[in-house]
S.K.: 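Here it is, the structure, as structure tokens.
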2 protein chains.
Amino acid sequence: MSTPARSAPRREKARAATIDEIKLTALTHMRETGTLDIRFADIARAMEMTPPALYRYFADRDELLSALIADAYDDVGRYVAEARDAVPADDIGARFLAIARSYRQWARQEPQQFALIFGLPVAGYVAPVDGPTTEAAQRAMSQLSLLFVEAIDLGVLAPPRLRDVHPAIAACADQKNQHLATEIPAETFQAMLHTWSTLHGFACLEAYGHFDWIDEAGRDALFDGQARLAAEAAGMPAPKSS
Amino acid sequence: MSTPARSAPRREKARAATIDEIKLTALTHMRETGTLDIRFADIARAMEMTPPALYRYFADRDELLSALIADAYDDVGRYVAEARDAVPADDIGARFLAIARSYRQWARQEPQQFALIFGLPVAGYVAPVDGPTTEAAQRAMSQLSLLFVEAIDLGVLAPPRLRDVHPAIAACADQKNQHLATEIPAETFQAMLHTWSTLHGFACLEAYGHFDWIDEAGRDALFDGQARLAAEAAGMPAPKSS
DNA sequence: TCACGTCTGTAACGATGCTTAACGCAACGG
DNA sequence: CCGTTGCGTTAAGCATCGTTACAGACGTGA
């Protein structure tokens, strides 16, 4: 049976640790090679195991990949949420900046995981069931929308720079609003998407090395400017603290 | 010898045609599979040839990949330039919109080529010599900077929304200005980078399917809004024509 | 017509990877 | 103390793929 014993806390712990080690080894290997390629042979070698042993933990290569993708979802979501929550709840502007910066930093630190989620599908991998791609969008965005809700509740959100909203976008906004306590106006919903696109663009270009010709200080300043523009356009207040 | 005969116009033509067919077949295969994987076996099969025959045209798999990447550079540059030049030279705002839209459209039509240039390096492929990645940045951006130069020369470029420029960015601007007749102010240079990031972000998200939950009309409107925001922030005039 | 270069196919080598099957070992529970 | 369970190894099968070597076919130019 593939079902693990139901009463063996010690075993299960070891098993979970091994699973984590496998995933971590896979990630490390991706970081070292700079690609999204993972081979059971490589992982096994790095763990001083033999390839077939891995099949005790993952049915096949795709299952490992799926797990990595799922983890990446969680990682970026947690990373961004933590950065946001580390800033006083009453300083919405600073919270916005924290989200923006953490999104960028995550992409920089983990370009492979970033690509895993936001890049082209990996070779030979078929996405399980319906659109985890869409789910990635949802989860990444949800942290941002939470902040917009906070801003609305605190009454500090100015109207966004762009006021006219296409009916199709308004419809999307309505649909999303059904899951929220505080209603997000369509213009603000649109501004959120603009914000995300803007920050994502910078993160992509930088993570994949297209800004390497600008030194780090310049990139930092450039990004903060981009974030400030985005905040301004979305009606987000300026940060109180530096 | 790998050197093709020096006097055989007919042969050379056929050879060039075959090379083009190989590259096109490779692209087609990438489009169909949705990945960046290319295998000599697949290409050969699609062309009703045998794998070894391909070695007459490309020394190895990497050489083919390099050629595809180089082509992608050219393609996007040409595509964007043509779109821009199809608009009256005195309507800078419309020209800007044309560039923005064509960049997005290219990414949408050719997500694989887009990823080839702007994504993570392909598995098992080592970039020849120094940073073609950087070159991609240069070439894509150059079409945009040409437009900014036009705008400056016509005196229709307003100061960008963001005025303070970090010294590191100013230094980059100075360096780029050495290759241009018309000097681009540092703030404008910075605004160009912001513009590119913004448009690129939307293009990435859409090309890789993260906006699939918005219907096409909505995406079109969303993008135009994004472009308008970017133009406004960069000091670009509004289009005269619709 | 004949020799040459070019192109292409057949065959084969070597490496690599995914995956399954069968066996041995250690820990755990009664 | 013994059976069960889970984990890991060895061995093997299978499928590819990249690449090279060799030999035949074709068109070209003298």
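Just so it is clear: chains get the letters A, B, ... in the order the sequence lines come, proteins before strands, and each one is counted from 1.
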S.K.: Between atom CG in L54(A) and atom P in dG17(C), what is the gap in whole Å?
M.R.: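 That distance rounds to 13 Å.
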
S.K.: Which nucleotide, dC18(C), dG9(C), dC23(C), lies nearest any side-chain atom of A53(B)?
M.R.: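 Nearest to the side chain of A53(B) among the choices is dG9(C).
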
S.K.: Tell me: OH of Y57(B) to C1' of dG9(C), nearest whole Å?
M.R.: 13 Å

S.K.: Base, sugar-phosphate, or nothing: which does R56(A) touch, judged by heavy atoms less than 4.0 Å apart?
M.R.: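 The residue R56(A) makes base contact.
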
S.K.: Name the closest nucleotide to the P52(B) side chain, picking from dT9(D), dT8(C), dT20(D).
M.R.: dT20(D)

S.K.: dT8(C) P sits how many Å from R45(B) CZ, rounded?
M.R.: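 About 18 Å, once rounded to whole Å.
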
S.K.: Would you kindly give the CZ-to-C1' distance between R15(B) and dT6(C), to the nearest whole Å?
M.R.: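 Atom-to-atom, R15(B) to dT6(C), this comes out as 9 Å.
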
S.K.: Indicate, yes or no, whether a donor-acceptor pair under 3.5 Å links the base of dG17(C) to the side chain of R61(A).
M.R.: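 Check fails, no donor-acceptor contact within cut-off.
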
S.K.: According to a strict under-4.0 Å criterion, is R39(A) in side-chain N/O contact with OP1 or OP2 of dT16(C)?
M.R.: no

S.K.: Distance check: side-chain N/O of T50(A) vs OP1/OP2 of dT9(D), anything under 4.0 Å?
M.R.: yes

S.K.: Let me know the distance between CD1 of I38(B) and P of dT16(D), rounded to the nearest Å.
M.R.: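 Roughly 19 Å, once rounded to whole Å.
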
S.K.: Measure from the side chain of F40(A), starting at C-beta and using heavy atoms only, and say which of dG8(D), dT19(C), dT19(D) lies closest.
M.R.: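 Among the listed nucleotides, the one closest to the side chain of F40(A) is dT19(C).
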
S.K.: Between R39(B) and D37(B), does at least one N-O distance fall below 4.0 Å, as a salt bridge requires?
M.R.: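 Counted as a salt bridge, because a side-chain N and a carboxylate O are separated by less than 4.0 Å.
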
S.K.: Name the orientation class of the two ring planes belonging to Y55(B) and F40(B) (parallel below 30°, tilted from 30 to 60°, perpendicular beyond 60°).
M.R.: perpendicular

S.K.: For dG9(C), take OP1 and OP2 only and decide whether either is under 4.0 Å from a side-chain N or O of Y55(B).
M.R.: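 The answer is no; no side-chain N or O of Y55(B) sits under 4.0 Å from OP1 or OP2.
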
S.K.: Please report, rounded to the nearest Å, how far the P atom of dT16(D) is from the CG atom of D37(B).
M.R.: 14 Å

S.K.: Give the rounded distance in Å between these two atoms: NZ of K13(A) and P of dC28(C).
M.R.: 14 Å

S.K.: In terms of the angle between their ring planes, are F118(B) and F114(B) parallel, tilted or perpendicular, with boundaries placed at 30° and 60°?
M.R.: tilted

S.K.: When all nucleic acid strands are considered with a 4.0 Å heavy-atom cut-off, which category describes F58(A): base, sugar-phosphate, or nothing?
M.R.: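 Here F58(A) touches no strand at all.
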
S.K.: Strictly below 4.0 Å, N to O, side chains only: are R104(B) and D220(B) in salt-bridge contact?
M.R.: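 Judged by the 4.0 Å cut-off on N to carboxylate O distance, R104(B) and D220(B) do form a salt bridge.
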
S.K.: For R108(B) and E206(B), indicate whether the former's side chain and the latter's backbone hold a donor-acceptor pair under 3.5 Å.
M.R.: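 No: the side chain of R108(B) does not pair with the backbone of E206(B).
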
S.K.: Output the rounded distance in Å from CD (E48(B)) to C1' (dT10(C)).
M.R.: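 Checked: the CD to C1' distance equals 18 Å.
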
